[in-house]
Structure formats: structure tokens, C-alpha cells
Amino acid sequence: MKIICVCGLGQGTSLILRMNVETVLREMGIQAEVDHMDVSSASSMPADYIITNNELARSLPDHSAQIIIVNNYFDLEEIRQNLKEAM
């Protein structure tokens, strides 16, 4: 399974989201390849899931990945709940 964590510039915020997603996946016992990048790069990268905020998700309407919206990249419970609902 391939997951991409996306922010505007693909550096700070998406890296934090990636680390939190990896923590939640580990707790859930799910193995996945998790990467982070900017929204422009993500638009052409293959993935099963893209995790980002609502605003950036609008920039990815034609992507084949399932988009998971997370409002607070620091909220492990929100990340966990949204991952459970999507998977």
C-alpha cells in the first residue's frame, strides 16, 4: 500500500503528517510505504491513498488515489479515525 502525505510545499507540514501517519499505522498493525511531498508532485505520483487537508484536496480532483482529509496534522486520533474509515 502506498500513501502520500501532502502539503503546499512538501517539506515541513507534510513531513510531520507523514511521521504521525506512520505512528498511527504502526499502532494499527498496518504496513504501508508512506511518503511526503508537495501537492504538485503528488498529482502525478501513483498512490493508493493521499492524506491532505480539504483545501489541497481540491487540487487533486483527477487523482486515482482515495483522498483522506485531515484538518489537524498533529491530531493522532483524527488521523486514526479517518484512516479507519477509508480502509
Side-chain angles (χ1 to χ4, degrees):
M1 171 181 354
K2 171 78 173 180
I3 299 173
I4 302 174
C5 299
V6 174
C7 72
L9 298 175
Q11 297 189 9
T13 309
S14 62
L15 176 59
I16 291 167
L17 178 58
R18 175 187 177 176
M19 292 186 309
N20 288 336
V21 166
E22 289 173 333
T23 297
V24 169
L25 289 172
R26 204 169 25 256
E27 291 171 357
M28 294 171 67
I30 298 172
Q31 290 188 350
E33 178 185 344
V34 184
D35 203 355
H36 69 281
M37 62 189 66
D38 64 281
V39 69
S40 179
S41 298
S43 66
S44 62
M45 292 295 292
D48 298 300
Y49 298 94
I50 292 178
I51 304 175
T52 191
N53 63 37
N54 193 41
E55 180 181 338
L56 294 176
R58 290 186 224 137
S59 301
L60 300 163
D62 298 325
H63 202 288
S64 62
Q66 182 174 347
I67 307 294
I68 300 173
I69 304 297
V70 173
N71 295 308
N72 183 346
Y73 288 6
F74 297 93
D75 186 345
L76 297 182
E77 187 53 41
E78 179 185 4
I79 294 168
R80 183 178 296 105
Q81 185 63 37
N82 293 350
L83 281 170
K84 282 182 181 178
E85 289 175 8
M87 296 179 163

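- At distances below 3.5 Å, not a single donor-acceptor pair connects side-chain atoms of H63 with backbone N or O atoms of A47.
- If you take CG on N54 and CD1 on I67, they are separated by 11.0 Å, rounding to the nearest 0.5 Å.
- Not counting sequence neighbours, the partners of N71 by the side chain to side chain contact (heavy atoms under 4.5 Å, CB included) test are I69, E78.
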Before you tell me yes or no, could you show the steps for L83 and V24 under side-chain contact (heavy atoms from CB on, under 4.5 Å), namely the whole-Å CA-CA distance, both residues' side-chain angles and the distance that decides it to 0.1 Å? CA-CA 9 Å; L83 281 170; V24 169; 3.8 Å; yes

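- Taking both residues in full, the closest heavy atoms of F74 and N20 are given as CA-ND2, 3.7 Å, listed atom of the first, atom of the second, then distance.
- The shortest side-chain heavy-atom distance between L25 and V34 falls under the 4.5 Å cut-off.
- Looking at heavy atoms from C-beta onward, R18 lies out of side-chain contact with I3 at the 4.5 angstrom threshold.
- Within a 6.0 Å sphere centred on CD of Q31, other residues, nucleotides and ligands contribute 12 heavy atoms or fewer.
- Minimum interatomic distance between T13 and C7 (heavy atoms only, all atoms of both residues): CB-CB, 3.9 Å.
- Within the 4.5 Å cutoff, no side-chain heavy atoms of V6 are placed close to those of S14.
- I51 is not listed as a side-chain neighbour of Y73, based on a closest heavy-atom distance of 4.5 Å or more.
- Here the CE atom belonging to M45 is positioned 12.0 Å from the OG atom belonging to S40, to the nearest 0.5 angstrom.
- Rounding to the nearest 0.5 angstrom, the gap separating the CD atom in E27 from the CD1 atom in I79 is 10.5 Å.
- Closest of all the heavy-atom pairs between V39 and S59 is CG2-CB, 3.8 Å.
- The CD1 atom of I4 sits 9.0 Å away from atom CD of E33, with the distance rounded to the nearest 0.5 Å.
- Heavy atoms of other residues, nucleotides or ligands lying less than 6.0 angstrom from CD of E77 number more than 12.
- Classification of R26 and E22 as a salt-bridged pair fails, no side-chain N sitting under 4.0 Å from a carboxylate O.
- If you take CD1 on I68 and NZ on K84, they are separated by 13.5 Å, rounding to the nearest 0.5 Å.
- With contacts defined as side-chain heavy-atom distances shorter than 4.5 Å, the pair Q66/D48 does not qualify.
- Atom CD1 of I50 sits about 11.0 Å away from atom CG of D35, to the nearest 0.5 Å.
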